[in-house]
Amino acid sequence: MLLTQPDLQLDPLWALTAECAADLRLNRLNLVIGVYRDEHGVCPVPQAVQEAELRLASIAATKEYTSPSGNIEFNAGITDLVLGDSDLTQRARSLQAVGGTGALRLLAELLAITGPERTVHLGVPAYVNHVPVLQAAGLRIQEYAIENQGYLNVDAVVEAVRGARAGDVLLLQGACHNPTGLTMPVSVWEQLGHEMNRAGVIPLIDHAYFGLGDGLEEDLAGMRRMLEIVPEGLVAVSASKVWGLYSERTGCAVAVMSNPERGTYVHGVLEVIARAAYSQAPSHGARVVAEVLGDDGLRAQWRAELDQMRERITGLREGLVRGLTAASDAPEWPALADQRGMFLRLPLSPEQMARLRIDHAVYGVPSGRINLAGVPTAAVDRLANAILEVHDRVRDAG
């Protein structure tokens with residue numbers, strides 16, 4: 001029997017999703033959960049992934065345990081893909097994880113074990129699960145504002161590094177920031193790398209949306225440049241978005257270390273953490289990704305499908321911004337054009353987001369975040385008009 005009943009905070013995103021599912025209006029738009037959807041509102045399985053699954057099914061491989069580190073081919077493929085440069089890959093040690101969130105949790109535990117007094121410096125607004133994951137690992141968190149009037153606040157990020165202690169951590173999203181859509185040019189990644197090198201601060205990079213912003217190589221370039229500058233860094237990689245493997249919970253924890261001995265130690269710590277948490281990561285998604293990355297034809301097909309996803313999202317953003325700026329000269333709209341990836345953060349209050357939901361059947365997050373990939377092209381104009389209506393109603397009332 002439970003002796004106490006601590007306060008329980010349920011995930012608000014899933015509550016909104018359930019509310020949307022119960023909405024009988026045929027024109028409702030579910031823009032809450034961050035999954036890629038096609039024009040028909042379906043979260044598709046890429047053709048390259050389907051082909052890889054057929055090949056693997058025909059082999060009828062064993063379901064035996066893989067290894068404490070998971071699928072070795074998957075780990076190597078992901079490491080090569082995201083780091084690119086041979087010097088970085090040679091310094092890296094990787095371990096398969098239960099999704100990108102699982103990779104983040106493994107790395108948070110690693111940081112807590114190796115530096116109990118660390119503070120993680122986190123730009124807010126942040127991904128809704130960042131704080132719970134860091135807190136669950138026992139890490140302290142110092143928040144700072146990452147945006148200024150809809151644009152990236154570079155000065156605030158730099159000041160966060162300069163105000164940190166040696167051994168502290170800066171958590172960064174690699175591309176297509178969730179929930180703001182903000183992105184950092186390579187020059188800023190490089191600047192931060194030099195600042196972190198001087199301050200002895202460790203980067204923890206959450207990379208879930210590479211390829212959905214400006215292109216695969218473009219979205220990875222900034223992180224790679226930073227890791228060339230700092231002696232050590234950690235990367236949590238998600239396979240959910242760009243391979244459509246959401247429910248397979250496929251991720252990778254990558255540690256770029258300063259020398260082989262430290263790499264061996266860190267890898268061993270990660271294996272111990274994983275063993276206590278879930279023993280071994282699930283096999284299927286990792287085998288699929290390894291098959292795609294290891295076959296030239298499948299890899300090229302996947303890259304083409306990823307480009308199509310990015311182009312669709314980019315077109316939706318451009319269409320929405322065009323509709324907003326054509327009908328209104330409010331100063332908030334131009335900043336939306338600089339955002340990247342699936343998410344767009346509207347300059348609307350929680351009350352205005354509620355009006356979008358109640359009056360227009362548009363379901364987004366109270367923070368203003370919407371998932372652009374959930375918008376059919378034919379609904380872009382309706383969405384723009386709905387946003388303008390709730391925005392201008394409050395502005396006129398003021």
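In this text the structure is predicted, and so the values were computed from the model without any measurement.
For A21 against R28, the heavy-atom pair with the smallest separation is O-NH2, 4.2 Å. Minimum interatomic distance between L346 and M353 (heavy atoms only, all atoms of both residues): CD1-SD, 4.3 Å. Residues L372 and I313 share a closest heavy-atom pair of CD1-O, 4.3 Å. Looking at every heavy atom in both residues, T180 comes nearest to P125 through CG2-CG, 3.5 Å. Residue G297 comes nearest to D295 through the heavy atom pair N-OD1, 3.0 Å, listed as atom of the first residue, atom of the second, then distance. Summarising the geometry of T79 relative to A92, their closest heavy-atom pair is CG2-CB, 3.8 Å, with the distance given to 0.1 Å.
Although no hydrogens or angles enter the test, the distance criterion places no donor-acceptor pair under 3.5 Å between the side chain of Q173 and the main chain of D206. Judged by distance alone, with hydrogens and angles left aside, the side-chain atoms of D214 form no donor-acceptor pair with the main-chain N or O of E218 at under 3.5 Å. In this structure a side-chain-to-backbone donor-acceptor pair under 3.5 Å is present from R224 to V82. Judged by distance alone, with hydrogens and angles left aside, the side-chain atoms of R140 form a donor-acceptor pair with the main-chain N or O of E117 at under 3.5 Å. In terms of modelled atom types and a separation under 3.5 Å, the side chain of R340 and the main chain of A337 share a donor-acceptor contact. Without hydrogens or angle criteria, T114 side chain to L110 main chain gives a donor-acceptor distance under 3.5 Å.
Within the 4.5 Å cutoff, the side chain of L16 has heavy atoms near those of the P366 side chain. Side chains of V288 and L56 form a contact here, defined as non-hydrogen atoms less than 4.5 Å apart. Contact of the T264 side chain with the M257 side chain is not registered, since no non-hydrogen atoms from C-beta on lie closer than 4.5 Å.
No side-chain donor-acceptor contact under 3.5 Å links E147 and H177. If you check the side chains of W243 and T250, you find no donor sitting under 3.5 Å from an acceptor. For the residue pair Q142 and T119, no side-chain donor N or O sits within less than 3.5 Å of a side-chain acceptor on the partner. Side chain to side chain, R369 and N178 meet the donor-acceptor criterion of an N or O pair below 3.5 Å. Q280 and T66 share a donor-acceptor pair across their side chains, judged by distance under 3.5 Å alone.
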>> Between E291 and R287, does the salt bridge (Lys or Arg N to Asp or Glu O under 4.0 Å) criterion hold? Intermediate values first, please.
In response: CA-CA 6 Å; E291 184 74 14; R287 292 178 64 217; over 6 Å; no
>> Between E39 and R312, does the salt bridge (Lys or Arg N to Asp or Glu O under 4.0 Å) criterion hold? Intermediate values first, please.
In response: CA-CA 9 Å; E39 280 293 308; R312 177 172 180 272; 3.0 Å; yes
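Annotation: F343 is in aromatic contact with Y209 [ring centroid separation under 6.0 Å]. Aromatic pair W189/H194: centroids not less than 6.0 angstrom apart.
Within 6.0 Å of atom CG in D296, 12 or fewer heavy atoms from other residues, nucleotides or ligands are found, so the atom counts as exposed in its surroundings. In E311, the CD atom is crowded: over 12 heavy atoms of neighbouring residues, nucleotides or ligands sit closer than 6.0 Å. Atom CZ of R165 has more than 12 heavy atoms from other residues, nucleotides or ligands within 6.0 Å. Within a 6.0 Å sphere centred on OH of Y265, heavy atoms belonging to other residues, nucleotides or ligands number 12 at most.
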